[in-house]
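Contents: one structure, followed by commentary.
Read the numbers this way: they start at 1 and go in the same order the structure lists the ligands and their atoms.
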Amino acid sequence: MLVAGGYGFQLRAAQTPLEPCQLATLEPGRNDVVVEVAGCGVCHTDVGFAFDDIPTRHPLPLILGHEIAGRVVATGEDALRWLGRSVIIPAVIPCGECPACVAGHPTICRRQFMPGNDGNGGFATHVLVPARGLCPVPEQLPSGITLEMLAVVADAVTTPYEAIRRAGLGSEDVAVIVGAGGIGGFGVQIAAALGAAVAAIDVDRERLEQAATHGAGLTLDANSLDLKAMKTAVRKFVKESGRKGIGLKIFEMSGTPSGQATAFGLLDHGAYLGVVGYTPRAIEVRLSNLMAFDATARGNWGCPPEQYPAALAMVLEGKIALAPYIEEHPLEEAPQILEQVANHALRRRVILTPDHRASKNGTKLADKTKVAG
Ligand SMILES: [Zn+2]
Ligand SMILES: [Zn+2]
């Protein structure tokens, strides 16, 4: 099966705007699929590739985008069962065969495939990916949820989900989410759905108000409070919440140096620090605090594909609201959107949506998208 006539937006060189490009004819290998992109989320990792001199593993030019939901329109001979199905593509697709994968650590697979990093990604009408790890999406979605909205499950929902799962968070716990934005907004909801008492910290008042209506029992404005005041407020919250106050579970989801400093500074006896956000910049910490507090710090690179169905179920059951945290824009706006995300001009996570009617009618960039047997 071949798919011809698609188009996308590629990064030709770092520090330059994304440029439109035609896709080569996509021919899936035995275990590959071609997904017609319904939506692709824009992540700060894409900004890192485009503007922060973080190199993509596949040389440029490359179509970015690793937060993809869509429909399988072509497959190789061993992936036929996926044909026609709605899917979420995991942001990190492990090989399934290397020592790390066999040992149950698929997120550190060195042969992993990340769309928009190891090959062309989802800022396009179509993307070619391995079938391994695809997360099936039911054809009947609850009202108010569309396939394109589910793009954010590929990274913005599953990455905090995995961090929280690894922390073993439960109803006896207090979770502190530092950064209630694109990732942390979902982190707050996941932690609350698991029964934890949740404190959210951010520098943006609107985000804090949103966190308060989506599961946070305490919100702290890091603009107006210093670390000492935040520590005091969190201790008071732990007492009031009726939890035992053993081992605070802190999650850094802002991906900013100041957020990281706050998260580390909140460490207390027996605390757990989950590092979810990414920044290329370094901060200075007294690492011995981990020893002094008998504390644990842990990171996670994405989420194993086998955890995706459970994270998706939380969305479909209404435990994680997507709509207030996302906004959709046409794929054609990709270059401007990426710059706006880089400048922190957008409060919500953007999902780029290709217009498949346009590509089929031969307007815009594509002459004709064809699927041929
Ligand atoms: Zn990402
Ligand atoms: Zn592997």
Side-chain angles (χ1 to χ4, degrees), residues 11 18 31 37 39-52 54-58 62-69 88-124 127 129-135 149-163 179 181-187 190 251-256 259 274-280 299-308 311 322 325-326 334 337-338 341-342 344 346 348-352:
L11 182 67
L18 299 183
N31 290 298
V37 177
C40 182
V42 181
C43 179
H44 276 279
T45 306
D46 300 310
V47 171
F49 292 144
F51 303 118
D52 283 334
I54 297 168
T56 52
R57 284 194 291 256
H58 186 285
L62 186 71
I63 296 173
L64 303 181
H66 54 269
E67 206 174 68
I68 310 162
I88 295 163
I89 303 172
V92 174
I93 306 167
C95 80
E97 292 161 4
C98 72
C101 285
V102 171
H105 299 288
T107 47
I108 56 166
C109 171
R110 303 324 297 152
R111 280 160 51 195
Q112 61 183 237
F113 181 86
M114 179 174 164
N117 188 5
D118 295 296
N120 278 333
F123 296 168
V127 64
V129 293
R132 189 176 350 91
L134 288 175
C135 175
M149 290 167 75
L150 293 176
V152 293
V153 174
D155 185 11
V157 171
T158 41
T159 302
Y161 176 88
E162 174 66 2
I183 302 282
F186 299 126
I190 294 163
F251 299 93
E252 204 305 296
M253 301 200 183
S254 76
T256 64
V275 180
V276 182
Y278 175 78
T279 168
N300 60 294
W301 177 250
C303 175
E306 62 262 30
Q307 297 299 333
Y308 274 62
L322 301 182
Y325 292 90
I326 58 178
I337 291 289
L338 197 64
V341 173
H344 298 273
L346 301 166
R348 295 174 177 217
R349 199 162 182 94
V350 171
I351 299 172
L352 296 172

Locate the shortest heavy-atom distance separating Asp155 from Cys43; write the atom from each residue and the value.
OD2-SG, 3.5 Å
Which residues and atoms, protein N, O or S only, are under 2.8 Å from the Zn ion (ligand 1)?
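The answer, once waters are left aside, is Cys43 SG, His66 NE2, Asp155 OD2.
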Within the distance-only criterion (no hydrogens, no angle test), does the side chain of [X] pair as donor or acceptor with the backbone N or O of [Y] below 3.5 angstrom?
X      : Y      : result
Glu162 : Thr159 : no
Asp46  : Val42  : no
Glu252 : Ser254 : yes
Asn120 : Ile63  : yes
Thr158 : Val153 : yes

Determine the interplanar angle of the Tyr325 and Phe186 rings, folded into 0 to 90°, and report it as parallel if under 30°, tilted if 30 to 60°, perpendicular if over 60°.
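The arrangement is tilted - the two ring planes meet at 30° to 60°.
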Going by heavy atoms in the side chains, are Arg132 and Ile93 under 4.5 Å from each other?
yes
Do we see a donor-acceptor contact under 3.5 Å between the side chains of Asn117 and His58?
no
Using a cut-off of 2.8 Å, how many protein N, O or S atoms lie below it in distance from the Zn ion (ligand 2)?
4
